[in-house]
Amino acid sequence: MQNKITILGQIEQNAFIQGMVTGELTQRQRDYYVAQDQYYLQAFDAYFDQVVAQVAPQWQMQLPVLGEAEADAHATLRPGSGVAKIAKDSVNQDYLLHLKLALDDKWQPLSGLVALLPCIESYYLIAVKFQQQAATTYHGWFDYYAGLEYQQLVEWFWRVINADLQQVLPQLTADDWHGLQKIYQQSYQDEFNFWQVAAQAAE
Ligand SMILES: Cc1ncc(CN)c(N)n1
């Protein structure tokens, strides 16, 4: 938990996030982020569907319906023609490999939910924190991730994780528990790395 708070604080101070807040990002930074995120979301959506297919039907029925709005959130960053020329980087590949391995873990779907949670939760927390102070330039990004639909998705994740955890708790060893925490923390670390490379694509 402590690690999550520390890494989230570092993510919030990252130059790309701060650039979205102040409205000062270069075209190259925005193109780079959008290109990487398009690759990422394509894989993420498949992993997400895989995990959802394994949770109890009662949770599947309560899953909030998200539109295509994440693409709209990208559009608010005004990506240019440079996006198409940017290849998937190694940070992105490492992050997606981490998610894939978590989905193969014996505690699936719990391990998958725990791995995917930071992807949803961190964006929501970042957007809520900066929504009021963000310049108008990329405000659409903050409005989307701080919005009700997205908040409901975060809450859904936590509800399902808590329920699942109650169920499997009697069988979890200390090592299993530690392993699940590591999966969660690694996703936060990968989120941080993802923002860092986007920030560094400045010129
Ligand atoms: C890398 C990453 N992590 C999370 C999100 C938010 N769904 C995203 N768009 N991209």
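Only this structure's heavy atoms are used, side chains among them; waters, hydrogens and symmetry mates stay out. Ligands are counted one by one from 1 in listed order, and the atoms in each one are counted from 1 as well.
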I'd like to check which ligand 1 atoms, numbered from 1 as shown, lie under 4.0 Å from a non-hydrogen atom of [X].
| X | value |
| --- | --- |
| Phe194 | 1 (C) |
| Tyr150 | 6 (C), 7 (N) |
| Leu41 | 9 (N) |
| Cys119 | 4 (C), 5 (C), 6 (C), 7 (N) |

Item to complete: For atom 10 (N) of ligand 1, grab the closest protein heavy atom and report residue, atom and distance to one decimal in Å.
Response: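 Nearest neighbour among protein heavy atoms for atom 10 (N) of ligand 1, to 0.1 Å: Asp37 OD1, 2.5 Å.
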Worksheet entry | Flag if over 12 foreign heavy atoms under 6.0 Å of CD, Gln132 |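 Not more than 12 within 6.0 Å, no.
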Worksheet item: Got a sec: does the CD of Gln62 have more than 12 other heavy atoms crowding it under 6.0 Å?
Response: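 More than 12 heavy atoms, drawn from other residues, nucleotides or ligands, come within 6.0 Å of this atom.
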Item to complete: Work out whether the distance between some heavy atom of Trp195 and some atom of ligand 1 is less than 4.0 Å.
Response: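 Heavy atoms of Trp195 never come under 4.0 Å of ligand 1.
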Discussion item. So, 4.0 Å and heavy atoms of Tyr145: is ligand 1 close enough to count as a contact?
Written reply: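 Distance cut 4.0 Å: Tyr145 passes for ligand 1.
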Item to complete: Indicate the ring-plane relationship of Trp141 and Trp195, choosing parallel, tilted or perpendicular according to the 30° and 60° boundaries.
Response: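 Geometry flag for Trp195 against Trp141: perpendicular rings.
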Item to complete: Could you label the plane-to-plane angle of the Phe194 and Tyr33 rings as parallel, tilted or perpendicular, counting under 30° as parallel and over 60° as perpendicular?
Response: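 It falls in the perpendicular class, over 60°.
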Worksheet item: If you measure from atom 6 (C) of ligand 1 to every heavy atom of Glu70, Gln38, Gln36, Glu191, which option wins on shortest distance?
Response: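 Closest candidate by heavy-atom distance is Glu70.
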Worksheet entry | Ile120, portion touching ligand 1 at heavy-atom distance under 4.0 Å |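 Within the 4.0 Å criterion, Ile120 makes no contact with ligand 1.
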Worksheet item: For the residue pair Tyr123 and Tyr150, is the inter-centroid distance of their aromatic rings smaller than 6.0 Å?
Response: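 Ring centres of Tyr150 and Tyr123 not closer than 6.0 Å.
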Worksheet item: Do Tyr138 and Phe142 have ring centres separated by under 6.0 Å?
Response: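 When the ring centroids of Tyr138 and Phe142 are compared, they turn out to be at least 6.0 Å apart.
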Worksheet item: Does the distance from a Lys or Arg side-chain N to an Asp or Glu carboxylate O, for Asp31 and Lys85, drop under 4.0 Å?
Response: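 Answer for the salt bridge query: no.
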